[in-house]
Amino acid sequence: QYQALVKEIAELDENDRKLEELIQSCTLQLKLLTEDSESQRFAYVTCQDLRSIEDLAEEMVMVIKAPADTKLQVTDPSEALQISLQSSRGPVDVFLCPES
Amino acid sequence: AQEFQNLEVEKQRRIERIKQKRAQLQELILQQIAFKNLVQRNRQSEQQTQSPPAPNSTIQLPFIIVNTSKRTVIDCSISSDKFEYLFNFDNTFEIHDDIEVLKRMGMSFGLESGKCTPENLKSANSLIPKVLQPYVAEMADGSSWANREVPTDLIQTA
Amino acid sequence: RTRILVSIGEPFGSPEKFQKINQLVSSSDRYPKRAGDTGSLPKPLKRL
């Protein structure tokens, strides 16, 4: 039993290593994809897209476009329902998604 | 016997870690599919209309959304340089990032909820490298690995 | 005040960060549950 367990653990370690490899390559692929200028040109949604989502159809939807590394802080809800944004790399754009 | 017990614990620890890595890999695959599907949709749409959408009607990625009831009153303070905002709500709200929005728009073909039709599975597979397709198949039929034994044959080299 | 701090502005972060915030906010018993909104007239929206 002990020998079988040792062999099983070695197999799990191999699986773990292969998964780690796939995660690294997927992360790199996604990074290259989002940085590709051609893809960036078509990487947008429309207000209609947001309104087409059932949960959002009857809601007020605020869209926040912030530079990288912007800090979003949410106060403990038992004290207040507060969101604060602090950017260090440029202005933050906030607007309401129109209903129609 | 003691050593055997210790190895059993080691084995469980490894299985847990593999489950987490599989979930992380599946999320990365979903994000890649959703992003490529969105880019493909917009590119085809612009080719058909022969013109880009009106400039103020699109929201470029990355973004996040905050949604709340229409009855909510929001007090908002903004610094003059627009580097700082403070929002006070009088009702609950939700925050979602762009990838969550893409999933809800159906850009990941329902893979995240295990409801993917065979045609959509084919479309999803066309957007990712072949080595990742077994993982997409797993998501498509909703048999998440999170609660299953590790199917060793499915894990292929990168 | 205790706060939850996340970084935004990068493409495709991990979805868990907002799930935790949303659970915390929706479970706060301080405010009327949105699902059971009373039929009060919608208050005038404050301009952002």
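Worth knowing before you read on, the calculation uses all heavy atoms, side chains too, and leaves out hydrogens, waters and symmetry mates.
Here the side chain of Asn42(B) pairs a donor or acceptor atom with the backbone of Tyr44(A) at under 3.5 angstrom. No donor-acceptor pair under 3.5 Å is formed between the side chain of Lys71(A) and the backbone N or O of Ser87(A).
Among the candidates Thr46(A), Asp55(A), Asp49(A), Leu50(A), the residue making the largest number of heavy-atom pairs closer than 4.5 Å to chain B is Asp49(A). Contacts with chain A were tallied for Ile29(B), Ile65(B), Val66(B); Val66(B) has the most, counting heavy-atom pairs under 4.5 Å. Taking Leu30(A), Val45(A), Val6(A) one by one and counting their heavy-atom pairs under 4.5 Å with chain B, the maximum is reached by Val45(A). No other option in Leu28(B), Leu86(B), Thr58(B), Ile59(B) has as many heavy-atom pairs under 4.5 Å with chain A as Ile59(B). Here Ile83(A) is the residue among Ile83(A), Leu33(A), Ile64(A), Leu72(A) with the most heavy-atom pairs under 4.5 Å with chain B. Each of Gly90(A), Cys97(A), Ser84(A) has some count of heavy-atom pairs under 4.5 Å with chain B, and the biggest count is that of Gly90(A). In terms of non-hydrogen atom pairs under 4.5 Å with chain B, the most contact-rich of Leu56(A), Thr70(A), Val61(A), Leu5(A) is Leu5(A).
Contacts between Ser88(A) and chain B at a heavy-atom distance below 4.5 Å involve the backbone alone (N, CA, C, O). Both the backbone and the side chain of Ile9(A) come within less than 4.5 Å of a heavy atom of chain B. Both the backbone and the side chain of Phe4(B) come within contact range of chain A, with heavy atoms under 4.5 Å apart. Both the backbone and the side chain of Gln1(A) have a heavy atom closer than 4.5 Å to some heavy atom of chain B. Residue Leu102(B) touches chain A through its side chain alone, counting heavy-atom pairs closer than 4.5 Å. Contacts of Pro129(B) with chain A are made by side-chain atoms alone, with heavy-atom separations under 4.5 Å and no backbone atom involved. In this structure, chain A has a heavy atom under 4.5 Å from the side chain of Glu46(B), while its backbone stays farther away. Contacts of Glu58(A) with chain B are made by both backbone and side-chain atoms, with heavy-atom separations under 4.5 Å.
Using a cutoff of 4.0 Å between basic side-chain nitrogens and carboxylate oxygens, Lys82(B) and Asp93(A) are scored as salt-bridged. Salt-bridge annotation for Arg14(B) and Asp16(A): absent, with no side-chain N of the basic residue lying under 4.0 Å from a carboxylate O of the acidic one. Between Glu16(B) and Lys19(B) there is a salt bridge, with a side-chain nitrogen of the basic residue lying less than 4.0 Å from a carboxylate oxygen of the acidic one. The pair Lys122(B)-Glu119(B) does not count as a salt bridge, with every side-chain nitrogen at least 4.0 angstrom from each carboxylate oxygen.
Atom CD of Gln12(B) has more than 12 heavy atoms from other residues, nucleotides or ligands within 6.0 Å. Taking a 6.0 Å sphere around CD of Glu54(A), one finds it holds 12 or fewer heavy atoms contributed by other residues, nucleotides or ligands.
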Stepwise side chain to side chain donor-acceptor pair (under 3.5 Å) test for Ser79(B) and Glu84(B) | CA-CA 5 Å; Ser79(B) 64; Glu84(B) 296 190 35; 5.7 Å; no
Assess whether side chain to side chain donor-acceptor pair (under 3.5 Å) is satisfied between Lys36(B) and Gln40(B), documenting all intermediate values.
-> CA-CA 6 Å; Lys36(B) 285 183 174 176; Gln40(B) 196 173 75; over 6 Å; no
